[in-house]
Protein chains: 2
Amino acid sequence: MGLTKSQIYTDRQNDLAQFFKVLGHPARVAILQYISQQEACICNDLVEEIGLAQATISQHLKELKSLGLLKGEIEGKRMCYCIDMVRWNDIQNQLNSFFNTTKSNCC
Amino acid sequence: MGLTKSQIYTDRQNDLAQFFKVLGHPARVAILQYISQQEACICNDLVEEIGLAQATISQHLKELKSLGLLKGEIEGKRMCYCIDMVRWNDIQNQLNSFFNTTKSNCC
DNA sequence: ATTTATTATCGTAATATTGCAATATGTAAA
DNA sequence: TTTACATATTGCAATATTACGATAATAAAT
């Protein structure tokens with residue numbers, strides 16, 4: 001059906017899956033890696049760097065923003081996207097907590 | 001188009017995204033959590049526990065197996081699925097490496 | 001005000017994913 | 001060797017995701 005039955009899972013399960021899902025595309029991995037290597041990030045650089053159309057990059061940025069991983073500031077006529085370090089650490093901790101809890105219980 | 005252009009990314013970017021993607025569904029998160037809480041895991045238990053059809057659970061298990069996160073042993077007429085701890089730790093380390101590298105470079 | 005440059009949004013086509021019923025396969029018991 | 005049970009596979013329908021061209025929106029420069 002293509003429709004995930006979110007209502008049968010806990011909020012925590014849905015949240016964890018959502019984190020993983022947003023990171024689960026190579027373009028978004030590449031965007032995060034590229035941003036982390038720049039002084040300041042500009043969307044048009046990403047278009048050349050990654051090799052997707054501008055509309056597509058903009059869409060991927062939107063998803064990363066929706067998770068709070070990126071924050072964008074207007075800088076003249078450009079956008080400066082940066083990783084939100086607080087959120088980044090928060091999500092890393094939540095994912096590690098999932099990994100650690102799961103493995104500590106396992107048979 | 002629905003078609004991810006894998007060839008424009010590095011192998012590492014594709015691998016990372018693949019790990020995230022497989023974990024990016026609440027049913028698969030729930031399956032891993034449930035297995036970790038049992039002495040031994042049986043597929044039919046999952047069907048009742050999670051509330052998806054047997055075919056659907058089997059499909060999700062297949063994806064987790066494809067990543068090497070689960071290993072299944074035949075036990076009588078049932079299957080005993082367990083988390084592969086070596087692979088589990090391996091993937092956790094790779095994801096942490098991604099998180100740490102990215103944040104250490106960031107502006 | 002017009003032009004130019006940058007990013008966001010909309011509409012659309014193509015592929016992927018999710019979920020299930022039906023069926024096949026495999027295994028143990030009767 | 002049937003029967004019963006457990007899991008895997010297949011086929012299909014519905015929704016989601018990916019990607020891009022076209023276009024809108026925004027902001028600086030001319």
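These numbers come from the heavy atoms of this one structure, side chains and all, not from hydrogens, waters or symmetry mates. Every chain is numbered from 1 and lettered A, B, ... according to where its sequence line falls, protein lines coming before strand lines.
A:S97 places no side-chain N or O within donor-acceptor distance of the main-chain N or O of A:N93, the cut-off being under 3.5 Å. The main-chain N or O of A:F99 is found under 3.5 Å from a side-chain atom of B:W88 such that the two form a donor-acceptor pair.
Comparing A:G51 and B:M79 along DNA chain D, the residue whose closest nucleotide (by nearest heavy atom) sits nearer the 5' end is B:M79. For A:E63 and B:R78, each mapped to the nucleotide of DNA chain D holding its nearest heavy atom, the one lying further toward the 5' end belongs to B:R78. Between A:K5 and A:Q59, the residue anchored nearer the 5' end of DNA chain C, judged by the nucleotide with its closest heavy atom, is A:Q59.
Taking only side-chain nitrogens and oxygens, B:Y81 never comes nearer than 4.0 Å to OP1 or OP2 of D:dA6. Residue A:N44 places none of its side-chain N or O atoms closer than 4.0 Å to OP1 or OP2 of C:dA5. Note on B:K62: every side-chain N or O is 4.0 Å or more away from OP1 and OP2 of D:dT7. Dashed line: the shortest gap from a side-chain N or O of A:H60 to OP1 or OP2 of D:dT17 is not under 4.0 Å.
B:K62 is linked by a side-chain contact (heavy atoms from CB on, under 4.5 Å) to nothing, counting only residues two or more places apart in sequence or in another chain.
When the C1' atom of D:dT9 is taken as reference, atom NZ of B:K65 falls 11 Å away, rounded to whole Å. The distance from atom CG of B:L52 to atom P of C:dT17 is 17 Å, rounded to the nearest whole Å. With rounding to whole Å, A:I50 atom CD1 is found 10 Å from D:dA19 atom P. Remark: P of D:dA6 and CG of B:L61 are 15 Å apart, rounded to the nearest angstrom. Straight-line distance from the CD atom of A:E48 to the C1' atom of C:dT7: 14 Å, rounded to whole Å. Remark: P of D:dA6 and CD of B:E49 are 17 Å apart, rounded to the nearest angstrom. Atom pair B:I42:CD1 and D:dC5:C1' shows a separation of 13 Å (rounding to whole Å applied). Here C:dA8 presents its P atom at 12 Å from CG of A:L64, a figure rounded to the nearest Å.
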With a 3.5 Å cut-off and sequence neighbours excluded, list the donor-acceptor pairs that the side chains of residues 10-21 of chain B form with protein atoms.
| from | atom 1 | to | atom 2 | distance (Å) |
| --- | --- | --- | --- | --- |
| B:T10 | OG1 | B:Q13 | N | 3.0 |
| B:T10 | OG1 | B:Q13 | OE1 | 3.3 |
| B:R12 | NH1 | B:Q94 | OE1 | 3.1 |
| B:Q13 | OE1 | B:T10 | N | 3.0 |
| B:Q13 | NE2 | A:Q33 | OE1 | 2.8 |
| B:N14 | ND2 | B:S6 | O | 3.1 |
| B:N14 | ND2 | B:T10 | O | 3.3 |

Review item, side-chain donor-acceptor pairs of residues 53-60 of chain A, under 3.5 Å, at least two apart:
| from | atom 1 | to | atom 2 | distance (Å) |
| --- | --- | --- | --- | --- |
| A:H60 | ND1 | A:R28 | NH1 | 2.9 |

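In this structure, of D:dT18, D:dT15, C:dT9, it is D:dT15 that holds the atom nearest to the side chain of A:L3. Checking D:dA8, C:dA8, C:dG19 against the side-chain heavy atoms of B:T56 singles out C:dG19 as nearest.
Within residues 9-27 of chain A, no residue places a heavy atom under 4.0 Å from DNA chain C.
Heavy-atom contacts from other residues, nucleotides or ligands closer than 6.0 Å to CD of A:Q7 number more than 12.
Looking only at atom types and distance, the side chain of B:Q38 has no donor-acceptor partner in the side chain of B:D45 under 3.5 Å away.
Pairs passing the salt bridge (Lys or Arg N to Asp or Glu O under 4.0 Å) check and including a residue from residues 85-95 of chain B, sequence neighbours excluded, read B:R87-B:D90.
Nucleic acid contact for A:I57: none, since no nucleic acid atom lies under 4.0 Å from a heavy atom of the residue.
Looking at heavy atoms from C-beta onward, B:L52 lies out of side-chain contact with B:V47 at the 4.5 angstrom threshold.
In this structure, B:I35 and B:Y81 approach most closely via the heavy-atom pair CG2-O, 3.7 Å.
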Exercise. Let me have a per-nucleotide readout for nucleotides 22-30 of chain C, 5' to 3', with B, S or -, counting only protein heavy atoms under 4.0 Å.
Key: B----SS--
